[in-house]
Amino acid sequence: MLVLAAAMVLGLSIGSSTIGLKTVWASLFTSAGDATHQAIIWKIRLPRVLLAALVGATLSLGGLVFQAILKNPLAEPYILGISGGAAIGAIIGIIMGLSRIPGVGIMAFLGSLATLLLILSISSGSALLIRDTLLLSGVMVNAFCTAVIMFLLSMTQDSRLHTIIFWLMGDLSASPLSQVGLTAAILFPCFVIIFVYSHQMNLLLLGSDMAASMGVSVRRVTLTLLVITSFMVSTTVSQCGLIGFVGLVVPHLFRLGVGPDHRILVPCCIFGGGAYMVVCDLLARWLPAHGEMPDGVITAMIGAPLFILLLRRLQR
């Protein structure tokens, strides 16, 4: 929580124009701040920082849930193609002219569910527990989703094509504060539900038979967690596009630091994932000399090498 608070303060202070901490405090909590600084903080930086924290918490928590249910440390919404399916649904919603919430969000949710069902059907039965089968299925579905996305973009003549492409790479700059508040109201109950199921996730790691013998309704818990996670991921995708590898990096680092207990990992991923995404967004705004780069570029540059290292470690 302290790291998240510090990252958010930095996110509010640093940008194309640096604003001192006293000015940030005055703009947030008093009416004595400069009008220009207040506009920058309240209309540009605060919505972006809050959205980054929500997206980081959601994606890291989604990766943690997938890794627990599928018993695969490489499982992550982006790698498995869940985010790609949500992006397909969101693009269809945008092309149809639907509103961001709930129209595009509902389409993104349907796309993520369809992708999840496809992956589980490919890896059905005993093969679901085989790490290589699941991973290859996810990579294949992710590649297919990418091809469908490119097809949809090439077929549309929408004047917002450039905006859609930038959004696909991870864009946190388009949501006003009111929309961020609505997103938070949607995601917070999902966080609470996953925390309630954290003990059941611990038992699922022991195996389905052992968990069932200890009173866990394996099918109900698994279905609930998969649907809730897909809903969370689709909500963030409809807001800011594709941001990958957050669900791989954050849960892995915390699992190394605090152990495998999901009652501890769930809140750690919520706060730590939020801080990680805020820092990545800060780098995306600060590194380019002019303008900014998509947040997905930063997360991929950090997450892809870690994914390769984890894959080599698991093959030994």
Side-chain angles (χ1 to χ4, degrees), residues 1-8 10-11 49-80 82-83 86 135 138 170 172 183-184 187-188 190-195 197-198 201-202 205 225 228-230 232-237 239-284 294-311 313-314:
M1 292 176 65
L2 292 175
V3 173
L4 174 59
M8 294 179 71
L10 287 177
V49 166
L50 293 175
L51 183 60
L54 288 172
V55 170
T58 299
L59 295 180
S60 60
L61 199 56
L64 180 69
V65 172
F66 278 122
Q67 290 160 19
I69 293 177
L70 303 178
K71 302 178 183 65
N72 190 325
L74 297 177
E76 192 259 349
Y78 181 81
I79 296 172
L80 293 180
I82 308 299
S83 296
L135 187 60
L172 297 174
T183 303
L187 294 177
F188 281 159
C190 300
F191 295 168
V192 174
I193 293 173
I194 291 178
F195 180 74
Y197 280 98
S198 57
M201 284 194 284
N202 286 340
L205 293 179
L225 288 174
I228 289 294
T229 303
S230 299
M232 291 193 312
V233 171
S234 62
T235 300
T236 60
V237 169
Q239 290 294 309
C240 58
L242 289 173
I243 298 178
F245 299 104
V246 178
L248 177 71
V249 174
V250 178
H252 179 69
L253 292 179
F254 278 111
R255 197 177 287 111
L256 291 176
V258 301
D261 190 347
H262 287 83
R263 293 171 297 182
I264 301 174
L265 285 174
V266 168
C268 282
C269 284
I270 291 174
F271 295 112
Y276 174 77
M277 196 65 232
V278 171
V279 172
C280 288
D281 180 60
L282 177 60
L283 293 175
D295 294 80
V297 174
I298 301 295
T299 59
M301 290 178 65
I302 298 174
L306 180 61
F307 175 79
I308 295 173
L309 291 175
L310 287 175
L311 188 60
R313 180 180 176 182
L314 291 174

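Just so it is clear, the model here is predicted, and its values are computed rather than measured. Side-chain atoms are counted along with the backbone in the values below, which use heavy atoms only and exclude waters and symmetry mates.
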Could you go through Leu50 and Met8, starting from their C-alpha distance and side-chain angles, then the distance that decides it, and tell me whether this counts as side chain to side chain contact (heavy atoms under 4.5 Å, CB included)? CA-CA 8 Å; Leu50 293 175; Met8 294 179 71; 3.4 Å; yes
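- Across Ala52 and Asp281, no two heavy atoms sit closer than the pair CB-CB, 4.3 Å.
- Closest heavy-atom contact between Leu205 and Ala68: CD2-O, 3.8 Å.
- Atom CG in Leu172 sits 4.0 Å away from atom CG in Asp295 (nearest 0.5 Å).
- The nearest pair of heavy atoms linking Val55 to Cys240 is CG2-SG, 3.6 Å.
- Shown here for Ala7 and Val278, the closest heavy-atom pair between the two residues is O-CG1, 3.3 Å.
- Remark: Val192 pairs with Val196 by the side-chain contact (heavy atoms from CB on, under 4.5 Å) rule, at least two apart or across chains.
- For the pair Val250 and Met277, the minimum side-chain heavy-atom distance is 4.5 Å or more.
- Residue pairs meeting the side chain to side chain donor-acceptor pair (under 3.5 Å) criterion with at least one partner in residues 248-275, sequence neighbours excluded, are Gln67-Arg255, Asn202-Asp261, Asn202-His262, Asp261-Arg263.
- To the nearest 0.5 Å, atom CG of residue Leu265 and atom CZ of residue Phe254 are 9.0 Å apart.
- Tyr276 is listed as a side-chain neighbour of Val246, based on a closest heavy-atom distance under 4.5 Å.
- Across every non-hydrogen atom of Leu225 and Thr229, the tightest pair is O-OG1, 2.7 Å.
- For the pair Leu80/Leu70, a side-chain contact is recorded, criterion being any heavy-atom separation below 4.5 Å from C-beta on.
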Cut-off 3.5 Å, no hydrogens considered: what does the side-chain donor-acceptor table look like for residues 58-66, sequence neighbours left out?
residue	atom	partner	partner atom	Å
Thr58	OG1	Leu54	O	2.8
Ser60	OG	Gly56	O	2.8
Ser60	OG	Ala57	O	3.1
Ser60	OG	Cys269	O	2.7

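- Contact record, Leu248 with Pro73: CD1-O, 3.6 Å, taken as the closest heavy-atom pair.
- Side-chain contact between Ile228 and Ile194 is present, with at least one heavy-atom pair separated by less than 4.5 Å.
- By the neighbour-count criterion of 12 heavy atoms within 6.0 Å, atom CG of Leu256 is densely surrounded, having more than that number from other residues, nucleotides or ligands.
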